[in-house]
There are 2 protein chains.
Amino acid sequence: MATGRTHRPATRSRGIPEATVARLPLYLRALTALSERSVPTVSSEELAAAAGVNSAKLRKDFSYLGSYGTRGVGYDVEYLVYQISRELGLTQDWPVVIVGIGNLGAALANYGGFASRGFRVAALIDADPAMAGKPVAGIPVQHTDDLEKIISDNGVHIGVIATPAGAAQQVSERLIAAGVTSILNFAPTVLSVPDGVDVRKVDLSIELQILAFHEQRKAGEEAAAVAAATGDVVAPPPLRGSAAASRKGPDGDVPAVMPA
Amino acid sequence: MATGRTHRPATRSRGIPEATVARLPLYLRALTALSERSVPTVSSEELAAAAGVNSAKLRKDFSYLGSYGTRGVGYDVEYLVYQISRELGLTQDWPVVIVGIGNLGAALANYGGFASRGFRVAALIDADPAMAGKPVAGIPVQHTDDLEKIISDNGVHIGVIATPAGAAQQVSERLIAAGVTSILNFAPTVLSVPDGVDVRKVDLSIELQILAFHEQRKAGEEAAAVAAATGDVVAPPPLRGSAAASRKGPDGDVPAVMPA
DNA sequence: ATGCCTTTGTGAACGCGTGCACAAAGATGG
DNA sequence: CCATCTTTGTGCACGCGTTCACAAAGGCAT
């Protein structure tokens, strides 16, 4: 996952657990694909496989929404698409603004996945005067000075921040002051926002770092396995804590198992 | 969170809980900022605030790595930066390839957050012959035909998929066959991969959908509050389950509380 | 109508993650 | 050297999320 709830520890909103809410878009995507292939019904087992989750979990998730299945048959695809869409609030139009039209902001503006889900890019905003008026994804970029007016004129409640880290906090404050109550933050910073404002963050480098951790672990295991196979003595797991003898400076101790 | 573990349900790798691993990059970022300001030590309370987490949680997270703090003082910033970097495997060089150089792929190639964390973009790969040779972020794009050779020549273990959804599964299979064991997937599809391969996914539209859910809920609550204030009768929470009387078709029932 | 077969919906148990609260540890000042 | 004060490290309890396993429910064939 590239994101993590920043706020709202795990409040189950209206009885639907947060974890379930996070999976609904996944189900919706799988169901939409089935719908396009004109599949009338689907069992929890099939849909779970398509969404990459456990079937029991899927059934429990749906049970929070209501009894939308038919025993012995499964779920009506079209009906479920509608119910989930409605639950997620996708049956209405959500105007969003993207602030920070650099490489990432431009990519987001061009991203097709938004429009198809009821999200409409109402405006692109950038602090660079040179960008003003220049069309990106068919939408002219507007200057930060007009941020407040753009937000209120378009009734925007959802903002996307794709600015450099240094500008993110200030941008978020202006967005919030202008009426935005949900923020998707791509800037690598922790935003501090008042209660009632939801922030979700996507940090590309964090995801890679988590992968690197597991990758390193795999390499270590592999090395250990090879060593074991060749009869070599494997270095014991590094003694942490008291063993950090020298202390101080990036050379305190050396990884016991160094991947190739 | 924009991502979610696809594989490895919650295996605590080498005793470090998955949830903790996911937070380490957050701590690292905060510590790096402190380091640049030449702050020598930091308390769990301060660092927790900077990282946006609870201080008890932070201390417990660090306790999994070892006893790196000094009671009464706090943590040595430089030392902690090194320890976390080492734990995450960032002290070594990680060559990565990006497959699919569209808007998003190009943005990723230009993203500065990778290089500063030990990730080196070893190659850009795209299926469009017209892209071949064209430099993006100073790196010439190579054709998909050479994917296998590129992976093995550069010893790449981490791949980033930024292709359209339709191509993602096949690309992942080729990456894995060529030696990749960790994939960061931006394509809106569930990848099915063999055991031992880690996949993390980032889905931009999923994040927005989760925000929309909460946004809709806020709007509903607000409407209810206004109604209560003006003495209006508020519609009861929709009876789910058996109340879905009519059934069938995208008009089964209507949201009891409709946001403006 | 009746019985069989499939699939849902959920009760219950379990495990992970979180947060409190405090004892142990070390620094610091006298 | 001792007392005090700060901050870590962690035992414990609680709650959410996941999974199992099964009874209830509905379709379908006979």
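In the text below, chain A, chain B and the rest are named by the order of the sequence lines, each starting its count at 1.
Between A/E78 and A/Y82, the side chains place no donor N or O within less than 3.5 Å of an acceptor N or O (distance only, hydrogens not considered). Of the N and O atoms on the side chains of A/E87 and A/Q83, not one donor lies less than 3.5 Å from an acceptor on the other residue. Counting only N and O atoms by type, the side chains of A/E18 and B/H214 include a donor and acceptor under 3.5 Å apart. Using modelled atom types, one finds a donor on one side chain and an acceptor on the other under 3.5 Å when comparing A/D61 with A/T20. For the residue pair B/E36 and B/T32, no side-chain donor N or O sits within less than 3.5 Å of a side-chain acceptor on the partner.
At the heavy-atom level, B/Y75 lies under 4.0 Å from the strands shown only through sugar-phosphate atoms.
Look at CG on B/L65: it is 15 Å from C1' on D/dT10, rounded to the nearest Å. Summarising the geometry, the separation between NZ on A/K57 and C1' on C/dT7 is reported as 20 Å, rounded to the nearest angstrom. Rounded to an integer number of Å, the gap from B/E45 CD to C/dC20 P is 11 Å. Taking atom OH of A/Y68 as the reference point, atom P of C/dT10 lies 13 Å away to the nearest angstrom. Going from atom CD1 of B/I16 over to atom P of C/dG17 covers 12 Å, rounded to whole Å. Separating the CG atom of A/L58 from the P atom of C/dT8 is a distance of 9 Å, rounded to the nearest angstrom. When the C1' atom of D/dT8 is taken as reference, atom CD of B/E46 falls 14 Å away, rounded to whole Å. Regarding A/L47, its CG atom lies at a distance of 20 Å from the P atom of C/dT6, rounded to whole Å.
The phosphate of C/dT8 has OP1 or OP2 within less than 4.0 Å of a side-chain N or O from A/S44.
Aromatic rings of A/Y79 and A/Y68 (six-membered ring for Trp) have centroids within the 6.0 Å cut-off, being under it.
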**OP:** Encode nucleotides 20-27 of chain D as B, S and - characters from 5' to 3', where the letter depends on protein heavy atoms closer than 4.0 Å: B to the base, S only to sugar-phosphate, - to neither.
**Re:** BB--BB-S

